[in-house]
Amino acid sequence: MTTGSGTSPQSGAPMRVRFAPSPTGALHVGTVRTALYDWILARKTGGRFILRIEDTDQERFVPEAEQIIFESLRWIGLDWDEGPGVGGPHAPYVQTQRRELYQAAARRLIESGAAYECDCSPERLEEVRKKQEALKLAPGYDGKCRRRDPAELAESRRQGRPVVVRMKLPPAGDVSFVDLVRGKVTFSWATMSDFVILKSDGLPTYHLAVVVDDHDMKITHVLRGEEWIASTPRHVLIHEKLGYQMPVMVHLPLLLAPDRSKLSKRHGATSVNEFRDAGFLPEAMFNFLALMGWSPGDDREVMTRQEIVDAFSLDRIKDSPAIFDRTKLEWMNGVYIRQLTPRQLAERLIPFLEQSPGGLPPSVPRPLDIGYLEKSVPLVQDRLKTLRDAADLIDFLYAPEIRPEPAEVVQKGMTVATTASSLGRSLQVLREAEPFEHPVLDARHRALAEELGLKTGQLFGALRVAITGKKVAPPLFETMEVLGRKLCVERVERAIDALGRSEARA
RNA sequence: GCCCCGGUGGUGCAGCGGUUAGCACGUCAGCCCUUCAAGCUGAAGAUCAGGGGUUCGAAUCCCCUCCGGGGUACCA
């Protein structure tokens, strides 16, 4: 390390970190931010980045979600060293395939007296909660089954009544743990109650599963969103009772919407897939997300993946929430778009231009000619915030004909007649210019404007509308060069015709 | 309600005991100029949430208040 900025106390030893999403749908940008930090840390320390699927919630399980997770991670460039698809020494990496481990752990906890079985009905639980609410007490399980008769439990089971396993909380006192971002955090056991670790369907809750798996997979650092900080005491308890050592805890600041509430659907796009489809570049997304909750300590913002890995350190993660500013993301995406070569940009643009709604009109034949596109790209490269912006900016290059509005062709201080005659003179230039390249076209038209006593803006403006059909378009003569002599002549002729017809009507 | 974590220009971030409070996005203006961008210059914009302390000195440390967020499930 030559910069020194990236050397944090913990950057030396290889870290084993895991990203453990639930397959419940698309990957939220906040979740991906966590994955990003995991990946960076693993790469930085020569450690391992482990992917684990936490599918213990059968209710919320979405079958396609697993594929979406893989795709999203691959899209943004996070490759995993252990996990689904690649295997590893702690396989399987899908929690529903590991249930024996959790059940064994639950059994050990019951045997040691740290946990107990509970057959309280949902109705009773609801009743207890209501009573507590009425008395303004903290809601929570009252511990009735702590002293449940084993025979009664067995009877419940025989009758098919649901039985869960609950962790027994210490009667009083505080729990503390060290969080790398927030320092020492303390909770009182009184604010919690005996929580479920094994559900009646035999699957573990998050609390048990995470502890068992992180220990089994030898995870050294746990990175997760701040919403987990309040349940960390539960994890401390389970670790303790199982005789496991706690990994280093790192609770990342939440990602908020501009209105400072939790980033959700109503704020627009929230999943990486949506950003990908909206035309954001993965490298821009990587860079932007890395800065959501972390900064290098100097004023750098636009950084390559390698620069981020080099500069990253856990002690520079901030403790206040990060707000997702889409405008700034768009700016950064534009920066990355401008860094591409025309060829690279053309290649990335093709899927966006070829897609049916949002791309070029269906009348434009697919597949697109990459050569023509590559020539067109420099015309709009500086003007793109997202890849999806391109279609609207270059559609006129693909239109079979342009039907300009006569009123828009005529520039300020000109009439239909003077405009038509000026375009007629331009036509000569277009027919004769040799070679048909922008420096020549530019020089000839400047001379023409002077000869006609027009401002360049007047002549060029009229031509722009004739050639592109738009008042706002890329630089005129570069555009003409891409379009070629034949099309330019046709379009200017057509504009003159249109002017003639409008005059006749008037 | 209770518990935990936050609060620096409009926005995102840096600064964490002594700075004219720094950078970026956005906004506005100028330059460039054929429009729009991009680029370059410059400007406006902050009682560092408020109030008390501690200190020679506080955005930085402590306390209170207010505001925001998170948690409080057989969801993760």
Side-chain angles (χ1 to χ4, degrees), chain A residues 20-24 31 54-60 118 120 122 125 129 132-133 136-141 162-166 179 181-182 185-188 190-193 195-207 209-210 224-233 251 253-254 256 258-262 288 291-302 316 318-332 334-335 338 380-385 393 411 442 445-446 449 455-465 468 470-477:
Chain A
S22 295
T24 54
T31 315
E54 306 213 330
D55 57 347
T56 57
D57 185 353
Q58 299 293 285
E59 308 265 304
R60 296 202 302 156
C118 166
C120 287
L125 262 22
R129 192 171 307 132
Q132 289 162 332
E133 239 163 74
K136 289 197 186 296
L137 291 170
Y141 183 63
V163 176
V164 302
V165 178
R166 285 180 187 274
D179 177 89
V181 175
R182 274 150 253 273
V185 181
T186 303
F187 287 86
S188 162
T191 62
M192 291 166 257
S193 68
F195 57 97
V196 174
I197 56 173
L198 201 68
K199 302 185 270 188
S200 55
D201 62 4
L203 285 169
T205 59
Y206 172 81
H207 306 303
V210 78
R224 54 176 24 165
E226 204 212 29
E227 70 263 29
W228 288 110
I229 202 161
S231 49
T232 304
H251 288 95
L254 254 25
L256 263 34
D259 65 1
R260 302 205 137 256
S261 68
K262 206 173 175 182
F288 186 74
L291 261 15
M292 296 270 88
W294 172 83
S295 72
D298 47 41
D299 287 330
R300 285 181 296 169
E301 289 195 318
V302 177
R316 293 208 50 86
K318 63 165 185 165
D319 54 10
S320 55
I323 294 178
F324 195 91
D325 181 358
R326 191 181 168 115
T327 308
K328 187 148 182 177
L329 205 212
E330 285 175 355
W331 162 75
M332 189 173 276
V335 171
R338 275 172 248 130
V380 295
Q381 189 155 15
D382 284 351
R383 296 162 175 78
L384 299 180
K385 281 190 164 60
L393 295 177
Q411 300 296 298
D442 188 307
H445 278 97
R446 270 176 212 287
K455 288 182 184 160
T456 47
Q458 292 176 304
L459 179 62
F460 297 0
L463 277 168
R464 174 175 300 107
V465 177
T468 68
K470 299 167 194 273
K471 286 194 281 193
V472 174
L476 184 58
F477 304 111

Undergrad: Apply side chain to side chain contact (heavy atoms under 4.5 Å, CB included) to the pair A:Phe324 and A:Leu256, showing each step before the final yes or no.
TA: CA-CA 6 Å; A:Phe324 195 91; A:Leu256 263 34; over 6 Å; no
Undergrad: If you check every side-chain atom of A:Ser295, which of B:C74, B:A14, B:G26 has the closest atom?
TA: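 Nearest listed nucleotide: B:A14.
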Undergrad: Once you apply a heavy-atom cut-off of 4.0 Å, does A:Ala322 come out as touching a base, just sugar-phosphate, or nothing?
TA: sugar-phosphate
Undergrad: Taking all non-hydrogen atoms of both residues, which atom of A:His251 and which atom of A:Arg182 are closest, and how far apart?
TA: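 Here A:His251 and A:Arg182 meet closest at O-NH2, 2.7 Å.
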Undergrad: Base of B:C74, side chain of A:Ser200 - is there a donor-acceptor contact under 3.5 Å?
TA: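 Answer is yes: a donor-acceptor pair is held.
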Undergrad: Could you say whether A:Asp57 or A:Val335 is positioned toward the 5' end of RNA chain B, judged by the nucleotide with the nearest heavy atom to each?
TA: A:Val335
Undergrad: Can you check each nucleotide of nucleotides 62-73 of chain B against protein heavy atoms at under 4.0 Å and return B for base, S for sugar-phosphate only, - for none, in 5' to 3' order?
TA: ------SSSS--
Undergrad: Can you find a donor-acceptor N/O pair under 3.5 angstrom joining the side chain of A:Arg383 to the base of B:C36?
TA: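 Result: at least one qualifying N/O pair found.
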Undergrad: Return the value, rounded to whole Å, for the distance between atom CZ of A:Arg224 and atom P of B:A76.
TA: 13 Å
Undergrad: With a 6.0 Å cut-off (strictly less than), is the heavy-atom count around CD of A:Gln58, excluding the residue itself, greater than 12?
TA: yes
Undergrad: Just to be sure I understand the rule, does A:Val185 reach a base, reach only the sugar-phosphate, or reach nothing, if contact means heavy atoms closer than 4.0 Å?
TA: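 Touches sugar-phosphate only.
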Undergrad: NA contact type, A:Glu301, heavy-atom cut-off 4.0 Å: base, sugar-phosphate, or nothing?
TA: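 Base contact.
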Undergrad: Taking the same atom, C1', in B:U72 and in B:C28, what whole-Å distance lies between them?
TA: 48 Å
Undergrad: So do the side chains of A:His207 and A:Ser231 get within less than 4.5 Å of each other, counting heavy atoms only?
TA: yes
Undergrad: Ignoring hydrogens, what is the shortest heavy-atom contact between A:Pro139 and A:Arg129? Give both atom names and the distance.
TA: CB-CG, 4.2 Å
Undergrad: Quick check: on RNA chain B, is the nucleotide nearest A:Asp442 upstream (toward 5') of the one nearest A:Gly297, or the reverse? Name the residue that is more 5'.
TA: A:Gly297
Undergrad: Rounded to the nearest angstrom, tell me the gap between atom NE2 in A:His207 and atom C1' in B:C75.
TA: 9 Å
Undergrad: Take atom CZ of A:Phe477 and atom P of B:C33, then tell me their distance rounded to the nearest Å.
TA: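 Nearest whole value for this atom pair: 14 Å.
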Undergrad: So, is A:Lys318 near the phosphate of B:C13, with a side-chain N or O under 4.0 Å from OP1 or OP2?
TA: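 A:Lys318 to B:C13 OP1/OP2: side-chain N or O found under 4.0 Å.
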Undergrad: Between B:G1 and B:U20, how far is it from one C1' atom to the other, in whole Å?
TA: 48 Å
Undergrad: If B:G22 has a Watson-Crick or G-U wobble mate with both distances under 3.5 Å, name it; if not, just say none.
TA: B:C13
Undergrad: Which atom pair, heavy atoms only, marks the closest approach of A:Leu476 to A:Phe460?
TA: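 Taking A:Leu476 first and A:Phe460 second, the nearest heavy atoms are CD2-O, 3.5 Å.
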Undergrad: Can you tell me how far P in B:G9 sits from the matching atom in B:A46, rounded to whole Å?
TA: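 Rounded to whole Å, the distance is 10 Å.
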Undergrad: Give a yes/no answer on whether the side chain of A:Arg338 brings an N or O atom under 4.0 Å of OP1 or OP2 in B:G39.
TA: yes
Undergrad: Both distances under 3.5 Å, Watson-Crick or G-U wobble: report the partner of B:C67, or none.
TA: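 Answer to the pairing question: B:G6, which forms a Watson-Crick or G-U pair with B:C67.
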Undergrad: Which whole-number value in Å describes the distance from A:Met292 CE to B:A24 C1'?
TA: 12 Å
Undergrad: Could you tell me if A:Arg166 sits above the aromatic ring of A:Tyr141, with its cationic atom closer than 6.0 Å to the ring centre and no more than 45 degrees from the axis?
TA: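 Because its charged atom sits under 6.0 Å from the ring centre and within 45° of the axis, A:Arg166 does stack over A:Tyr141.
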Undergrad: Say we look at B:U54 and B:C64: how far apart would their C1' atoms be, to the nearest angstrom?
TA: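 The same atom, C1', in both gives a distance of 15 Å.
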Undergrad: Send over the distance from A:Leu203 CG to B:A76 P, rounded to a whole Å.
TA: 9 Å
Undergrad: If the condition is ring-ring contact (aromatic ring centres under 6.0 Å, His included), which residues does A:Tyr206 pass it with, not counting sequence neighbours?
TA: A:Trp228, A:His235
Undergrad: So which nucleotide from B:C13, B:G12, B:C75 ends up closest to the side chain of A:Asp325?
TA: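 Nearest nucleotide to the side chain: B:G12.
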Undergrad: Closest heavy-atom contact between A:Leu203 and A:Thr56?
TA: CD1-O, 3.7 Å
Undergrad: If you look at every strand shown and take non-hydrogen atoms under 4.0 Å, does A:Thr56 touch a base, only sugar-phosphate, or nothing?
TA: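 Sugar-phosphate contact only.
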Undergrad: Quote, to the nearest angstrom, the C1' distance that separates B:C40 from B:U47.
TA: 35 Å
Undergrad: Please report the distance separating the C1' of B:G71 from the corresponding atom of B:G22, rounded so that it comes out in whole Å.
TA: 36 Å
Undergrad: With heavy atoms under 4.0 Å as the rule, sort A:Ser193 into base, sugar-phosphate or nothing.
TA: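 No contact.
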Undergrad: If you define the side chain from C-beta out and look only at heavy atoms, does anything of A:Arg383 sit under 4.5 Å from A:Leu393?
TA: yes
Undergrad: Across the strands shown, which category fits A:Pro475 at heavy-atom distances under 4.0 angstrom: base, sugar-phosphate, nothing?
TA: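 Here A:Pro475 touches the bases of the nucleic acid.
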Undergrad: Can you tell me, in whole Å, how much space there is between the C1' of B:G7 and that of B:C48?
TA: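 After rounding to an integer number of Å, I get 10 Å for this pair.
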Undergrad: Is the shortest side-chain N/O distance from A:Arg316 to OP1 or OP2 of B:G15 below 4.0 Å?
TA: yes
Undergrad: Let me know the distance between CZ of A:Phe460 and P of B:C36, rounded to the nearest Å.
TA: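 Whole-Å distance recorded here is 15 Å.
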Undergrad: Using every non-hydrogen atom in the two residues, find where A:Pro233 and A:Ile229 come nearest and quote the distance to one decimal.
TA: CD-O, 3.7 Å
Undergrad: Please give me the minimum heavy-atom distance between A:Pro321 and A:Pro253, naming the atom from each residue.
TA: CA-CB, 3.9 Å
Undergrad: Does B:G1 pair with anything, Watson-Crick or G-U wobble, both distances under 3.5 Å, and if so, with which nucleotide?
TA: B:U72
Undergrad: Go along nucleotides 43-51 of chain B 5' to 3' and tag each nucleotide: B for a protein heavy atom under 4.0 Å from its base, S when only backbone or sugar atoms are that close, - otherwise.
TA: ---------
Undergrad: Regarding A:Pro162, tell me which of base, sugar-phosphate or nothing describes its non-hydrogen contacts under 4.0 Å with the strands shown.
TA: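 Counting heavy atoms under 4.0 Å across all strands, the contact made by A:Pro162 includes a base.
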Undergrad: Tell which nucleotide pairs with B:C40, taking only Watson-Crick or G-U wobble pairs whose two distances are both under 3.5 angstrom.
TA: B:G30
Undergrad: Heavy atoms under 4.0 Å, any strand shown: does A:Leu476 hit a base, just sugar-phosphate, or nothing?
TA: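 Base contact.
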Undergrad: Tell me which nucleotide among B:C74, B:C36, B:G6 gets nearest to the side chain of A:Ser320.
TA: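 Nearest listed nucleotide: B:G6.
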Undergrad: What is the distance from CZ of A:Phe195 to C1' of B:A76, rounded to the nearest Å?
TA: 15 Å
Undergrad: Considering only the C1' atoms, how many Å lie between B:G6 and B:C16, rounded to the nearest integer?
TA: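 Their C1' atoms lie roughly 15 Å apart.
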Undergrad: Should the pair A:Arg326-A:Glu330 be classified as a salt bridge under the 4.0 Å nitrogen-to-oxygen rule?
TA: yes
Undergrad: Remember a base hit wins even if backbone is also touched, and classify A:Arg60 as base, sugar-phosphate or nothing at under 4.0 Å, heavy atoms.
TA: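 The answer is base, as A:Arg60 lies within the cut-off (heavy atoms under 4.0 Å) of a base atom.
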Undergrad: Taking only N and O in the side chain of A:Lys328, is any of them less than 4.0 Å away from OP1 or OP2 of B:G10?
TA: no
Undergrad: For A:Asp382 and B:C36, give me the distance from atom CG to atom P, rounded to whole Å.
TA: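 Checked: the CG to P distance equals 15 Å.
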